[in-house]
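Model, not experiment: these values are computed from the prediction.
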Amino acid sequence: MRSRVALVTGGGSGIGQGIALALAAQGHRVAVLDRVEEAARAVADEIREAGDAAVAVCADVSDPGQVERAVAEIGEAFGAVEILVNNAGFAKDNHVLDMPLEDWDAVVDTHLRGAFLFLKATAPAMRAVGWGRVVNISSISAIVDDERVNYVAAKAGLEGLTRAAALDLAPVGITVNAVGPGVVVTRMTEVSAARAGRTLEEHLKHQAKGIPRGRTGTPHDIARAVLFFTAEDADYVTGQVLYVSGGPHG
Ligand SMILES: NC(=O)c1ccc[n+]([C@@H]2O[C@H](COP(=O)([O-])OP(=O)(O)OC[C@H]3O[C@@H](n4cnc5c(N)ncnc54)[C@H](O)[C@@H]3O)[C@@H](O)[C@H]2O)c1
């Protein structure tokens, strides 16, 4: 297995943490990027303690200056990014008519603008060597969900970006795909549970009822799909969205 330089945004927690650990276990050198510095550090330390290579990077993915600086920092530590996982994100849910503009902007800027900024900052080096892998973390909510118009629009946009960028980058050896998780137990689930007025346990039981597989997902479930798209020879699959949600459901 060839060791590549991988960057996971939002790698300090939840799904991103699971993806960072899985890529490191494959022998890749992993940049764990998060806007919460201690979170990125803790995951990078966990990877190094397991004997693999990692660096922690603190940046807000929606800020172009911080994105440029982060890519330069990773370049100094490991070299050019070859595997990019755009995972950073959060939800700020509300009914469409009660959605403040700042919550619309904050969610769209992190999920969509952030993915675009990191693609622009890393793809030229991938093009130069004729190999690159980009995986965007979408959601089954990209199709539809109630009281989260900002999140649904951002994830639908991210899937559009995935297909369009895949077309532009296919001739130069870069694949661009998306993984769309269903309900995965992370800090984000705790926020959803609180908003629904349930304890986390009640919320998970409630959610699991509607999932054909009968359970909620884990970061490891999502990381499995990311490893498929980032494999050395996964050259002929691009512009695709793979939903990892325990079976089709709304
Ligand atoms: N948990 C789920 O059920 C679920 C389902 C579908 C999709 N997702 C998606 O998975 C991704 C990861 O979510 P999670 O559930 O692991 O949440 P999480 O809150 O556990 O982790 C998200 C991480 O992203 C970081 N982050 C947020 N905004 C950032 C920014 N602007 N710049 C840098 N870092 C930032 C946070 O600090 C946090 O460490 C998100 O894109 C989310 O939309 C989650």
Side-chain angles (χ1 to χ4, degrees), residues 1-63 65-90 110 114-115 117-119 121-123 125-126 128-129 131-137 174-175 177 179 181 184-190 217-234 244:
M1 176 87 55
R2 187 165 170 178
S3 172
R4 298 282 189 177
V5 178
L7 162 60
V8 183
T9 72
S13 165
I15 293 173
Q17 177 176 7
I19 294 169
L21 296 177
L23 287 168
Q26 296 259 301
H28 300 307
R29 288 155 287 161
V30 181
V32 181
L33 182 144
D34 209 285
R35 66 180 172 183
V36 181
E37 194 170 3
E38 318 82 76
R41 274 222 199 104
V43 175
D45 286 349
E46 189 181 347
I47 290 172
R48 282 193 292 260
E49 274 157 27
D52 298 311
V55 64
V57 182
C58 182
D60 182 328
V61 301
S62 66
D63 181 311
Q66 294 189 32
V67 169
E68 287 297 333
R69 207 191 57 222
V71 171
E73 254 180 60
I74 299 163
E76 275 168 31
F78 287 148
V81 173
E82 299 163 296
I83 297 173
L84 166 65
V85 183
N86 284 310
N87 161 84
F90 63 94
T110 288
L117 289 174
F118 268 107
L119 182 68
T122 58
M126 298 179 195
V129 295
W131 192 96
R133 299 281 179 266
V134 180
V135 182
N136 296 319
I137 303 302
I174 304 171
T175 67
N177 292 287
V179 173
V184 177
V185 186
T186 67
R187 217 173 40 204
M188 193 180 269
T189 335
E190 290 169 26
T218 65
H220 177 76
D221 292 321
I222 308 309
R224 292 291 307 125
V226 173
L227 293 185
F228 167 72
F229 284 131
T230 56
E232 196 65 32
D233 59 352
V244 181

- Query: Considering residues at least two apart in sequence or located in another chain, which fulfil the salt bridge (Lys or Arg N to Asp or Glu O under 4.0 Å) criterion with Asp221?
  - Reply: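 Result, salt bridge (Lys or Arg N to Asp or Glu O under 4.0 Å) vs Asp221: Arg215.
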- Query: With distance as the sole test, does Thr9 use its side chain to make a donor-acceptor pair with the main-chain N or O of Ala88 at under 3.5 Å?
  - Reply: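 Checking the backbone N and O of Ala88 against the side chain of Thr9, a donor-acceptor pair under 3.5 Å is found.
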- Task: Determine which pairs satisfy salt bridge (Lys or Arg N to Asp or Glu O under 4.0 Å) with at least one residue from residues 79-90, sequence neighbours left out, and list them in order.
- Result: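 Matches after skipping sequence neighbours: Arg4-Glu82.
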- Message: Tell me which pairs pass salt bridge (Lys or Arg N to Asp or Glu O under 4.0 Å) where either residue lies in residues 22-38, with sequence neighbours left out.
- Response: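 Sorted result for residues 22-38: Glu37-Arg41.
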- Message: Nearest 0.5 Å, please: how far is CG in Leu117 from CG in Asp63?
- Response: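 It comes to 8.5 Å.
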- Message: Under the criterion side chain to side chain contact (heavy atoms under 4.5 Å, CB included), I'd like the reasoning laid out for Phe118 against Val61: C-alpha separation, chi angles, the key distance, then a yes or no.
- Response: CA-CA 8 Å; Phe118 268 107; Val61 301; 3.6 Å; yes
Taking only residues two or more places apart in sequence or in another chain, which ones pass side-chain contact (heavy atoms from CB on, under 4.5 Å) with [X]?
| X | value |
| --- | --- |
| Ala20 | Val8, Val30, Val32, Val43, Ile47 |
| Ala231 | Asp233, Ala234 |
| Ala39 | Val36 |
| Thr175 | Arg133, Asn177, Thr238 |

- side chain to side chain donor-acceptor pair (under 3.5 Å): pairs with one or both residues in residues 11-26, sequence neighbours excluded: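 Every pair satisfying side chain to side chain donor-acceptor pair (under 3.5 Å) with a residue in residues 11-26: Gln17-Glu46.
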- With side chains defined as the heavy atoms from C-beta onward, is the minimum distance between Pro219 and Ile19 less than 4.5 Å?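 Not touching, per the 4.5 Å side-chain cut-off.
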- Task: Taking the side chain as every heavy atom from C-beta outward, state whether Ile15 and Thr186 have any pair of such atoms under 4.5 Å apart.
- Result: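 Yes, close enough: below the 4.5 Å cut-off.
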Can you name the side-chain hydrogen bond (donor to acceptor under 3.5 Å, both in side chains) partners of [X], sequence neighbours left out?
| X | answer |
| --- | --- |
| Asn87 | none |
| Arg48 | Asp45 |
| Asp52 | none |
| Ser62 | Asp60 |

